[in-house]
Amino acid sequence: MITIHVNNRPVEAHPGETVLDALKRAGVKVPTLCHIPGLSPTGACRLCVVEVEGMNGLVPSCAFPVSDGMKVQTHSARAVRARKTIVELLLASHPDDCLYCSRNNQCQLQDLAAELGVRERRYAGERTHHDLDVSDPALIRDPDKCILCGKCVRFCEEIQGVAAIDFIHRGSRTMVTTAFNQGLNVSSCINCGQCITVCPTGALREQSHIKEVTDALRDPDRFVVIQHAPSVSVTLAEEFGMKPGRDVCGALTAALRRLGFDRVFDTAFAADLTIMEEAAELVHRIRNGGRLPMMTSCSPGWIKFVEQFYQDFLPNLSTCKSPQQMLGAVIKSYFAQKEGIEPSRIFSVTVMPCTAKKFEASRPEMSLDGLPTVDAVLTTRELARMIRLRGLDLANLEPESADTPLGERSTAGKLFGVSGGVMEAALRTAHYMLTGQELPELKLQKLRGLKSVKQARVEIAGQEYGVAAVSGLANAAALLDEIRAGRQDLHFIEVMTCPGGCIAGGGQPIGTNLDAVRARMKVLYQIDRDEPIRTSHGNPGIQRLYAEFLGEPLSERSHHLLHTHYTVRDVVP
Amino acid sequence: MVQPDIQSILEQYPQPKRENLIPILQAVQECCGYLSQESMIQIGNRLKLPVSKVYGVATFYNQFRFQPRGKVHCQVCRGTACHVKGSAKVLEALKQTLKIEPGQTTRDGMFSLEVVACIGACGLAPVVAINGEFHAGVTPDSIRKIIKSYAKKGGDNGGVE
Ligand code: SF4
Ligand code: SF4
Ligand code: SF4
Ligand code: FES
């Protein structure tokens, strides 16, 4: 430990860390725009500048290392003036569009302008207008609102290993766009939406489905059902100012009923269904010499990634549809039959932590008899908007429970929200399928926590299996490269596109940070610890569905409704 | 499909190194007259670089064009002498007449425009070279007339490079 002096007070610092990190720990707030915790600094925005005694100019605190005895002034007149000027220059070419902007009240540029007391347009910059890019089924790009901080570019390349976007041109013509400045839909973008959550402004947003959903709710001829993904109930509260780590499942269900949905289902039910099929598939592959390691298929960004960049691994992907699509298919078949409703009358909505789910729902092979099985996908953020619009007070709604059938879940299904959770759930059921007995310890500690690559060896019926859970596609790519190079000890791999899993998905509340992700993770683990039904095969709703309708896992009907195939996808690499 | 000439350029760089990017881009432009999307994809594959990066780097420099040259290729000199003698106005006139920016080609593939560093004919400033032929002492009016005459001839006296 060394000591530095911040605004004339001593502060403990770790040798080698940046000034910004030390400031953060000491509770001194210095604004940043281009900084991404955990990634190397670029020093692009210079908003984080501070004065360091003995240095001539201001230094960017995000890129400057601490040294013993260093004297730092974070809010000297000079530092504050520099920050204000930076913001004023950014605003010079910015559209004054806040009232109509998707990020109104959630925009860092707006916050900074307010914080620094910007009250007039001091510089009038030249404005180059760029058209909105609405080509993609999941994301909209609005380059006019881009302040060129580069966060999306770095996240897309360094964390996701995709690099669909980059800077082009230079000087006043600089912009962030795809290769050849084409629509996002023909680029290699995998729709993960992580760029939206890191973007400080409204330059990136999801394709909203709110209008489709409200239209359906108003249409008396439509029977409108909704399912909510396992991670949504543990993040939604944050949109309403509550602390991260609160599960509002009951209030969420109540809110959805108030919004007018005819049935409220839990996607975690379908996660249990996915586990039944996926575990059966794994057992089948192991017993019949099928392609291993098997890889999970519930994260649509990951699927597109393999279809584009790792086509030799397509046979490794589980053929299981994702829980969203499984439930969609079950709703328009089993549920429709049971309730005597024409499938074409059903409007099937989902609430997802994810923008890529919008793309997934639009994949033609997901349809059933020519009908889409999921008609609209809302992100957590969009649902929050609908709840606010309706004037509902989430904090004070009496909890209600989901509808049956298709509403009961095990805690295993709920664990789908977190990286490692699908693996844990699948192993519980695979063990049962292979041995007829429950795992002696259901909790698999090695697959828990925030690490982006988690590996374990599990013994089932005297045989040892290698498993891994990976999140962030750059990590997944590294693992695939190892396997290409000959690594052979793995039998089953879970991949989630977003770092940490769905709890940190691209459709989750803006402002998600590591502390929030940790709290969300914890509450999912608590649910698993405290509730009685902890395995997917133990879910009575699932048992009933197989008994009444599907027969058994991997039956013909299961194959028809619950499994899919993948295609080699040609994009600009 | 790998175009054979691009292939032979790429073969000169067996090791995929990032610092080879600009020399390769230059060589490809030299041989094809411009950087096609296909060529940038091939370059990206060879250097193991995402195409967004290749395109980002290529657009950073003014020297690269992304459309094939037109039948009539106009190079406006922006050397100091030409600048002093009013080349900016000439360029403006060309942009307006052809409705394209430097680096672009008209839709019909007839005209293309390029701004070049001093072409060493300062005595003739301002100079516009059209298909390699120097036009001296041009003005906005005279360049419009010159363009008109090329348009009439259909560009067939100008060789395609
Ligand atoms: S991006 Fe921010 S500052 Fe710009 S218009 Fe939207 S809310 Fe306002
Ligand atoms: S959605 Fe994901 S893959 Fe697409 S540009 Fe954004 S970060 Fe990259
Ligand atoms: S789109 Fe957003 S994150 Fe990307 S560079 Fe622009 S402002 Fe930054
Ligand atoms: S946050 Fe430090 S330079 Fe941008």
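Proteins get letters first, then strands, A, B, ... in listed order; numbering begins at 1 in each.
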Exceeds 12 heavy-atom contacts within 6.0 angstrom, atom [atom1] of [X]:
| X | atom1 | value |
| --- | --- | --- |
| A:Q488 | CD | no |
| A:D570 | CG | no |
| B:R18 | CZ | no |
| B:H83 | NE2 | no |
| B:E19 | CD | yes |
| B:K53 | NZ | yes |

**OP:** Could you grab the distance from atom CZ of B:F66 to atom CG of A:N181, nearest 0.5 Å is fine?
**Re:**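 CG of A:N181 is found 11.0 Å from CZ of B:F66.
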
**OP:** Enter the distance from B:I41:CD1 to A:F180:CZ here, rounded to the nearest 0.5 Å.
**Re:**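 If I round to the nearest 0.5 Å, the distance is 4.5 Å.
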
Is there a side-chain contact between [X] and [Y] (heavy atoms, below 4.5 Å)?
| X | Y | result |
| --- | --- | --- |
| A:P573 | B:N45 | yes |
| A:I168 | B:Y55 | yes |
| A:I165 | B:S52 | no |

Original post:
At their closest point, which heavy atom of B:F60 faces which heavy atom of A:R170, and how far apart are they?
Top reply: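 Heavy-atom minimum between the residues: O-NE, 2.8 Å.
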
Subject >> Which portion of B:N62 sits near chain A, non-hydrogen atoms under 4.5 angstrom >> reply: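 Contact with chain A is through both the backbone and side chain of B:N62.
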
Subject >> Proximal component of A:F167, with respect to chain B [non-hydrogen, under 4.5 Å] >> reply: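 Interface part for A:F167: backbone (N, CA, C, O).
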
